[in-house]
K.L.:
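Shown below is the structure under consideration.
In this text, all values refer to a predicted model and were calculated from it rather than measured experimentally. Numbers restart at 1 for each chain; the letters A, B, ... are given by sequence-line order, proteins then strands.
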Amino acid sequence: MAIRSLASRRTLTGLKETSSRLLGLRSIQTFTLPDLPYDYSALEPAISGEIMQIHHQKHHQAYVTNYNNALEQLDQAVNKGDASAVVKLQSAIKFNGGGHVNHSIFWKNLAPVKEGGGEPPKGSLGGAIDTHFGSLEGLVKKMSAEGAALQGSGWVWLGLDKELKKLVVDTTANQDPLVTKGGSLVPLVGIDVWEHAYYLQYKNVRPEYLKNVWKVINWKYASEVYEKECK
Amino acid sequence: MAASSAVTADYVLKPPPYSLDALEPHMSRQTLEFHWGKHHRAYVDNLKKQVLGSELEGKTLDHIILNTYNNGDLLHAFNNAAQAWNHEFFWESMKPGGGGKPSGELLALLERDFTSYEKFYDEFNAAAATQFGAGWAWLAYADNKLKVMKTPNAVNPLVLGSFPLLTIDVWEHAYYLDFQQNRRPDYIKTFMNNLVSWEAVSSRLHAAKAASSSSA
């Protein structure tokens, strides 16, 4: 039996949505934990199976659960016209919704080596990286340095500024999505530098994690997003 | 306000006032070895490198913290200085056989300002649990009152005009090895029930009251 199916994610079946519809009530969209497109151990040795399982089943799941709860409370507050409750919920929505958005991208940013993880980007993204950063090595060095220097929790990103039509490297704090740094920014590659992303394997040595994570970065996905946004 | 504190780290990696395995089973020796031996040590070492040759060289830790906070627009040395301070304060906030309800004057003050120990417990617990991302939860003293605070990353009550009395580190590195699977709530409960040094809190409170009255 594949490891992944042994520890399978419980996906919500939308029961709540269905019953609300039957009662003729407007229902809010609930979110579910996305499946990983690979087994938990498939990114070893760069990222351990233990980390992948906890990161997915505990951390990302918690963001999804808490996001759904916050949205439900928001729905009630909106319906009651309770403005101060609506405002009070914003930080929980930003944190948990951001956590869900960011991690959903992250799982797609990673791939096992035998499925192309670590293979340098080709095509237009490869060219754009050379143009903006000199080389892939230059980009990697910059992102690793910024990821290592980030104080506390957050993410380091390679993004596309759609308006200016250029690649950017930036960081966000906590679970802020890249779009909070600029409305025209599209995330291409995000690397989670929260301690939970690496601690069980790399302990306090975040730079070592950053050195190794590039071996499983899925540049094919980043290229697809880039090409789609550039049309 | 010149916030005086009982912690005068001054760029020294002071060992906790107990051996690294003394808090077991509530906080493991392995955690202390990493948390004190690697994380705290790195803040101290990096701070030394950062202030060398700068106008901060030779200044006390408190001075550096207060002068680099810059109303939240943090200057370069803030993170290392504040984290060095915070971690020494954290080790001294705990003791083997600690935790539970305090007695005497401290209990009376908690009951005065929170209505009961249980209410204080809930508030402190909530602050520690809901500090999104990395940070700290605190029991602090200001304007002759006790209060619970939570702060992000390296920020501490000193820069917010309050005297710190007790802290819990809620950066993931503080609990990730001992409370696996992201169990921050269990870590907070263990800290409250088994680790808090109310003696340290009491002596800090006396120092805070003395400092307040002398600057009044």
K.L.:
Run the salt-bridge test on B:K14 and B:E92 with the 4.0 Å N-O cut-off and return the result as yes or no.
P.N.:
yes
K.L.:
Of all of A:H55, A:Q151, A:E50, A:Q175, which one pairs up most often with chain B through heavy atoms under 4.5 Å apart?
P.N.:
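Most heavy-atom pairs within the cutoff with chain B belong to A:Q151.
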K.L.:
What I want to find out is whether A:K141 reaches A:E137 closely enough, with some N-O distance under 4.0 Å, to be called a salt bridge.
P.N.:
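No salt bridge links A:K141 with A:E137.
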K.L.:
Is the shortest distance from a Lys or Arg side-chain nitrogen in A:K94 or A:D176 to a carboxylate oxygen in the other one below 4.0 Å?
P.N.:
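A salt bridge links A:K94 with A:D176.
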K.L.:
Any side-chain heavy atom of B:Q131 sitting closer than 4.5 Å to one from B:T151?
P.N.:
no
K.L.:
Using non-hydrogen atoms only, which part of A:N174 is less than 4.5 Å away from chain B: side chain, backbone, both, or neither?
P.N.:
side chain
K.L.:
Does some side-chain heavy atom of A:L210 sit less than 4.5 Å from a side-chain heavy atom of A:V140?
P.N.:
no
K.L.:
Is a donor from one side chain sitting under 3.5 angstrom from an acceptor on the other, for B:Y141 and B:N144?
P.N.:
yes
K.L.:
Taking non-hydrogen atoms and a cut-off under 4.5 angstrom, which of residues 177-201 of chain B neighbour chain A?
P.N.:
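At a heavy-atom separation under 4.5 Å, chain A is reached by B:L177, B:Q180, B:Q181, B:N182.
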K.L.:
Any carboxylate oxygen within less than 4.0 angstrom of a Lys/Arg side-chain nitrogen, looking at A:K166 and A:D161?
P.N.:
no
K.L.:
Flag yes if more than 12 heavy atoms outside A:H132 fall under 6.0 Å of its NE2 atom; otherwise flag no.
P.N.:
yes
K.L.:
Applying a criterion of heavy atom separation less than 4.5 Å, what residues of residues 28-44 of chain B form contacts with chain A?
P.N.:
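Answer by number: B:Q30, B:F34, B:K38, B:H39.
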K.L.:
Can you label the angle between the A:H56 ring and the A:H60 ring as parallel, tilted or perpendicular, going by 30° and 60°?
P.N.:
perpendicular
K.L.:
Does a donor on one side chain sit under 3.5 Å from an acceptor on the other, for A:D192 and A:H196?
P.N.:
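Yes, A:H196 and A:D192 have a side-chain donor paired with an acceptor closer than 3.5 Å.
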